[in-house]
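Notes to accompany the following structure.
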Amino acid sequence: MSALYLHIPFCLSKCPYCDFYSRIPQSGDIERYVDALCLDLERSRAHYLGGKFSSVFFGGGTPSLLNAHQVARLLKVAERCYGFEREVEITLEANPGTLTAQQLSGFRQAGVNRLSLGVQSLDDKQLAWLGRRHSSQQAIAAVEMARCAGFDRLSLDLMFALPLQSLADLKAQCQRIRQLSPEHLSIYGLTVESGTPFAAQQQAGLWQLPDEEAYRDAYLYLHEQLTSSAYEHYEISNFAQSQQRCRHNYSYWQRQPYLGVGAGAHSFFANRYGERWACTDSVDAYYSAIDGQESPRWRIETFTKPQAMAEAVYLALRCKDGLDVQRFEKRYAMNFVQHFSGALKRCGAHVTLRDGRCSLDVEGWLLFNYLIEDFL
Amino acid sequence: MNQKNIRNFSIIAHIDHGKSTLADRLLEETGTLTDREKADQFLDKMDIERERGITIKAQAVCLNYKADNGEDYTLNLIDTPGHVDFTYEVSRSLTACEGALLVVDASQGVEAQTLANVYLALDEDLEIFPVLNKVDLPGAEPERVKEEIEEIIGLDTSDAIVASAKEGIGIHDILERIVERVPPPQGDPSAPLKALIFDSWYDSYQGVVVMIRIVDGELKKGDKIELMASKGTYEVLKVGVFSPEATPCDALRAGDVGFMIAGIKVVQDAKVGDTITHLHRRADQALPGFKEVKPMVFSGLYPIDTSEYEMLRDALEKLQLNDAAISYEPENSMALGFGFRCGFLGLLHMEIIQERLEREFNIDLITTAPTVVYNVTTVKNELLRVDSANKLPEVQYIDKIEEPFILASIHVPNEFVGSILALCEEKRGVQREIKYLTESRVMIVYELPLNEIVMDFYDRLKSISRGYASLDYEHLDYRPSKLVRMNVMINGEVVDALSLIVHQDKAQLRGRDLVSKMKEFIPRQQYVVAIQAAIGGKIIARETVKALRKDVTAKCYGGDISRKRKLLEKQKAGKKRMKQIGSVELPQEAFLAILKVKE
């Protein structure tokens, strides 16, 4: 397994909760950026030894600001330089507000076979509060257009734990989800990141995040509703219909190698205990590195054995499948249960060791940061 | 050296006001150090020693100076520690001098810390003259600071020296002023020997090194001596001066300041303030002012990691070599395991020792709330000295309890008088006197239970007066008092390390304060944590730390993995120093919650 991440740091406007770097594209900006990505892909060949890609992910930002031609070009370069596995999963993140049917079929024809729609909510009141440019109607229309364009793998991004979001609201959204029946769902509790407009509003007391109990209620309700309607809750924030897990993200959690190209993109090289690299996160600095024949990437972390072990557990326990104990013990030449006895004890009834796998239950996920501390 | 050409002086200064740089310049100017390089080396060496805590108190240097009048002088610079816990040591160092430089930062002005030492120096009738340091700095306001010195301390500043130790400005003036203004020592070189011990430390090669000021008589190598308070007799192996390296000499005579090595094994045998005399020609009277320094404040020290008990014992043993004032004995706690009950001079002394144990010996500690020593008379008429709440017998066996009182003198600008009086009353004080020292400075004298002082009195005093109050105290007596043991329960279990002795009338308030402060310190955990304070079987206060219900990072993808994992690692590092009590994790601070200032 080996994955490619292409970061598209352009947005038409900035969402008030988002703390990612992005900028509004100027004319010619995107074409120039795609040129740089192509060069980066070519040049990284010498450094990236992960093998053929089994997944490609266009993330952002707003990757749907690319046109089909640009997407096709990037995929062609990537395939030529690294090769694609036969059943390669190619995902593109798209914003429902600006999509056209034509664009969607273009993406599909370019080779994109999975679409991730940044729906965020199916409730207009909440969409407005989140500062999104689209309405719930547009979101639903985007789903239909995607289906027409031939996308049989759809994922929706949704948010919960929003101020004023009642259980009744969630119930209505679950109903809509069932109607739309996307193959995959990523559902995040809203996190207020420092430095965002939301952080300022919250500090000014304009609104309050739901308290812990409300968060729990919403999370457990979603878990209940979705697992009883053909979804598997396979990671803390992700749900999938049978065989529809996101292979790309799953490879992150398995510590498989990935190459990230584009401003701000991270890479993971699996040599020894692993190295994580990052590209400079400003578009201009990225350009000047590429133009100057320099690598835009630098190493941010070289893992030691204990660090690699800690991260492997940290990532695996976020997933329903949990940790493959035997594989872990073989990889790190140690006894898992013995080594983490204190940490496992702290997890109490939330942890299960069964069929050679160690995993947390949903309640355990709710306390994930607290419980995982002892494994680090 | 002829007595009339000796000058013994010290430097009184706030911590950052440039004392060590000034000392350095005085050494250079007098040629005690020949060049810059050597001076730097000298100071570096001192720093390392200070860091390692070996000769943390070695501070008397002998300077040879040819004055403008053509005569040669010996100037002895005696340094002093500076805090209320060490008042006695400071007073002994000052007794060894006839004069003091008051060094004040020309941009900062007079700081509270300086005051207590100035008053001590005035008590010893020292000639004090002000030096305004750091006048080269852009923010320097020598005129304003002069006014402040006149107003707050009442010292004439018309001829204050303006200096910059860093730039070497005013150094010559200071030396001349010392010669002019500091009176020469008055002692009879032919009288029976009287030498004052003002400092001592342990050196692993030579045993105890004793710093002395010869008041009368003469001390030579080979002399048989007696220490008048501790009654020890020794033969002098070496005498000499630091200039700045240890330089042996034939004899020290009346007026001289120097060191003596006499095969003394432990610092406890060479107590500060003791008088040295000759075994066969004794002085009829020891020098006045000797006090047996006794630990006044006790607390339990426990290693968080129970396997570090031996390490802690070795560390305490090492610290005691150089610190006559600490005591320790093994103690056992149900909650914390094996540790030591340690005695200190005061709260700061306790903090210093605790910090040194953590920093120099790398032992993570739990320190329990400090207590004083109570005299308990049982119904069978036995007298017990109780230095820990857990040693207090059950109520039915107690006939009476007495607690130590102190006489506290608080110097404070008059605008704070009201709130300081309120504080003293709150702390069960009995007012003795309120005196206006100047128009704006007031001395408040109170009899106070020491038990209240070791809690949060000093911190409260400082915060109320914005740092301007200075506190000095002496021990008075023991007085009967209505005291009770307050237990703290965590999830229903008494945690012995948290028990306290409190005044009955204050118990309710203290209990409520304590549990609410503990609530702030105990992080939320997987299960509810109940904190209760109880007297006898009666619960007097209760707080609950709610269970953690949600703590999860929703998103974790490629770019975020490192960042989010590192955040958790950092969070974990912060929680590392916690003690597991049953199923509850208590942080270090929870054990000292009682000390935290109420805002």
Side-chain angles (χ1 to χ4, degrees), chain A residues 3 5 7 20 57 59 159-161 186-191 211-216 219 235-237 248-249 251-253 255 258 260 264-268 276 278-279 281 300-301 303 307 310-311 314-315 318 342 346-348 350 363-376, chain B residues 303-308 337 364 490-491 519-530 543-590:
Chain A
Y5 179 76
H7 190 64
F20 286 122
F57 199 101
M159 282 197 195
F160 75 100
S186 297
I187 310 186
Y188 309 110
L190 172 64
T191 314
D211 64 12
E212 289 182 12
E213 294 301 331
Y215 187 105
R216 284 173 58 84
Y219 186 77
E235 193 263 354
I236 287 181
S237 305
H248 184 82
N249 286 336
S251 67
Y252 288 159
W253 302 323
R255 297 189 93 232
Y258 52 90
H266 285 59
S267 304
F268 181 70
R276 194 161 282 121
C279 290
D281 62 4
I300 55 168
E301 207 174 6
F303 287 84
Q307 286 169 332
E311 192 177 272
Y314 168 69
L315 292 171
R318 291 185 67 91
R346 192 182 196 186
C347 293
H350 300 315
E363 288 276 349
W365 278 348
L366 275 164
L367 297 176
F368 187 80
N369 291 356
Y370 173 80
L371 296 176
I372 206 70
E373 253 178 31
D374 283 3
F375 289 96
L376 299 180
Chain B
I304 290 185
D305 179 350
T306 49
S307 68
E308 289 181 350
D364 282 335
I490 301 288
N491 283 353
K519 184 187 173 181
E520 287 169 30
F521 290 125
I522 300 176
R524 291 198 302 152
Q525 335 209 335
Q526 224 173 325
Y527 309 100
V528 173
V529 179
E543 289 278 358
T544 309
V545 180
K546 281 202 238 156
L548 186 67
R549 299 287 282 161
K550 175 240 146 188
D551 183 9
V552 57
T553 307
K555 277 193 191 189
C556 191
Y557 298 109
D560 280 338
I561 295 172
S562 286
R563 189 168 65 97
K564 290 194 169 146
R565 198 199 69 246
K566 280 178 184 164
L567 273 176
L568 287 176
E569 281 169 1
K570 216 168 130 190
Q571 186 179 319
K572 182 194 174 174
K575 289 189 191 165
K576 210 184 94 195
R577 302 201 301 180
M578 299 231 277
K579 185 80 190 174
Q580 185 96 24
I581 305 283
S583 62
V584 180
E585 287 168 322
L586 295 184
Q588 280 176 309
E589 305 85 58

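Side chains included, hydrogens not; waters and symmetry mates left out as well; all remaining heavy atoms used. In what follows, every chain begins at residue 1, and chains take the letters A, B, ... in the order their sequences are listed.
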- Note on the structure: Answer key: most heavy-atom pairs under 4.5 Å with chain A among B:Arg524, B:Gln525, B:Glu569, B:Lys555 is B:Lys555

- Query: Can you say whether A:Tyr258 sits under 4.5 Å from chain B via the side chain, the backbone, both, or neither, judging by heavy atoms?
  - Reply: side chain

- Task: Verify, without hydrogens or angle tests, whether B:Lys550 (side chain) and A:Tyr215 (backbone) share a donor-acceptor contact under 3.5 angstrom.
- Result: no

- Message: Using heavy-atom distances under 4.5 Å, tell me whether A:Ile187 contacts chain B through its side chain, its backbone, both, or neither.
- Response: neither

- Does a side-chain heavy-atom distance below 4.5 Å link A:His266 with B:Ser562? no

- Inspect the surroundings of CZ in B:Phe521 and state if more than 12 heavy atoms from other residues, nucleotides or ligands are less than 6.0 Å away. yes

- Message: Quick check: do B:Gln526 and A:Leu371 have side-chain heavy atoms less than 4.5 Å from each other?
- Response: yes

- Identify the heavy atoms of B:Leu568 and A:Tyr314 that sit nearest to each other, and give their distance. CD1-CE1, 3.4 Å

- Item | B:Arg549 side, atom CZ; A:Tyr370 side, atom OH - distance, nearest 0.5 Å | 13.5 Å

- Task: Indicate yes or no: does B:Glu585 engage A:Arg346 in a salt bridge with an N to O separation below 4.0 Å.
- Result: yes

- Message: Please classify the contact of A:Glu363 with chain B as side chain, backbone, both or neither, using a heavy-atom distance under 4.5 Å.
- Response: neither

- Closest non-hydrogen atoms of A:Ser237 and B:Ala554, given as atom of the first, atom of the second and distance, are OG-O, 2.7 Å

- Message: Is any side-chain heavy atom of B:Thr553 closer than 4.5 Å to one of A:Phe368?
- Response: no

- Message: Need one label for A:Ser251: side chain, backbone, both or neither, based on atoms under 4.5 Å from any heavy atom in chain B.
- Response: neither

- Would you mind checking which part of A:Leu367 comes under 4.5 Å of any heavy atom in chain B, side chain (CB onward), backbone (N, CA, C, O), both or neither? both

- Determine the sole option in B:Gln571, B:Arg565, B:Lys570 for which the side-chain contact (heavy atoms from CB on, under 4.5 Å) test with A:Leu376 is passed. B:Arg565

- Item | Toward chain B, the part of A:Trp365 with a non-hydrogen atom under 4.5 Å | backbone

- To the nearest 0.5 angstrom, please state how far the NZ atom of B:Lys564 sits from the CG atom of A:Asn369. 9.5 Å

- Given a strict heavy-atom distance threshold of 4.5 Å, which part of A:Tyr5 is in contact with chain B: side chain, backbone, both, or neither? neither

- Message: If you count heavy-atom pairs within less than 4.5 Å of chain A, which of B:Leu567, B:Ile561, B:Asp551 leads?
- Response: B:Asp551

- Query: Checking heavy atoms, do the side chain of A:Phe160, its backbone, both or neither come under 4.5 Å from chain B?
  - Reply: neither

- Query: So what's closer than 4.5 Å to chain B heavy atoms on A:Glu301: side chain, backbone, both or neither?
  - Reply: side chain

- Using non-hydrogen atoms only, which part of A:Cys279 is less than 4.5 Å away from chain B: side chain, backbone, both, or neither? neither

- Task: Let me know if B:Lys566 has heavy atoms under 4.5 Å from chain A in its side chain, its backbone, both or neither.
- Result: side chain

- Output for pair (A:Glu235 CD, B:Tyr557 OH), nearest 0.5 Å, gives 5.5 Å

- Please flag which part of A:Leu190 lies under 4.5 Å from any non-hydrogen atom of chain B: side chain, backbone, both or neither. neither

